[in-house]
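Only one structure is covered here, and it is reproduced in the block below.
One-based numbering, in listed order, for ligands and for the atoms of each. Computed from a prediction, not measured in an experiment: that's the story for all the values here.
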Amino acid sequence: MNKPIIGVTSHVELDSKHTLSNDYIQAVIEARGIPIILPIGVNEDVSQIATKIDGLLLTGGGDIDPTLFGEEPHPNLGTISPGRDSVEPALIREVLTSNKPILAICRGIQILNIALGGDMYQDIYDQHETKLLQHSQKATKSHLSHFVKAKEGSLLASIAENTEFKVNTYHHQSVRHVPYPLEVSGVASDGIIEAIESTGHPFVLGVQWHPECLAVNGDEVSKRIFTRFVESC
Ligand SMILES: [Mn+2]
């Protein structure tokens, strides 16, 4: 049987250098998909690209231009990538139109939410109204730092085979208002949204943590996130 082709967005430093952690690539390969790395600058061709790939993996990276959701830059906003901010929403909309699966990781969950009309905290520590736990772990990337509670009956709970599990965490931003047809399917104990999914598509899942680092280190929930994603493709 042919393996599905997974388009994997890349991290672009200051819009001048494409880089990507091999964990994303390795996690897709181990889940029996064929990863193809997607660059910036192909805005004109997103519709053709969407027909060639069987699924889209939106990877992590820097921060997101807040003017995309009607805000000006907060003082704690980090490095943004205008190239990614412009091509990824276009790609997301094309892939959603064709009902193909999307797995969105870290920056990916945020750009997915923005592409569908949602917004986000530019800096959770300054803007979130409650006291927060540590979301930028000092521990190694394979360490499980905090709990996520998954919504009963959600795609996430079905993949995790549980409604509570632990994840790693490397973010100072997070999604805020989540628009229809997306809904919140995972939260941390402090209320920070850690997972969203679409109620209107077969497989659209966004997670705020980094399952690619955990999957290649043998974490079962993370491995299932990738295998279920690739199987859906
Ligand atoms: Mn977190």
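At least one donor-acceptor pair closer than 3.5 Å links the side chain of Tyr24 to the backbone N or O of Gly60.
With Trp209 as the partner, the side chain to side chain contact (heavy atoms under 4.5 Å, CB included) test is satisfied by one option alone out of Val167, Ile109, Leu144, Ile105: Val167.
Evaluation of the ring pair (Phe, Tyr, Trp, His ring centres under 6.0 Å) rule for His171 yields His135 as partners, not counting sequence neighbours.
Side-chain contact between Thr19 and Lys17 is present, with heavy atoms from C-beta onward closer than 4.5 Å.
For His135, the N/O/S atom at the shortest distance from the Mn ion (ligand 1) is named ND1. The name of the N, O or S atom in Glu194 nearest to the Mn ion (ligand 1) is OE2.
Among the atoms of Ser174, no N, O or S atom falls under 2.8 Å of the Mn ion (ligand 1).
To the nearest 10 degrees, the Mn ion (ligand 1) sees NE2 of His146 and NE2 of His171 at an angle of 180°.
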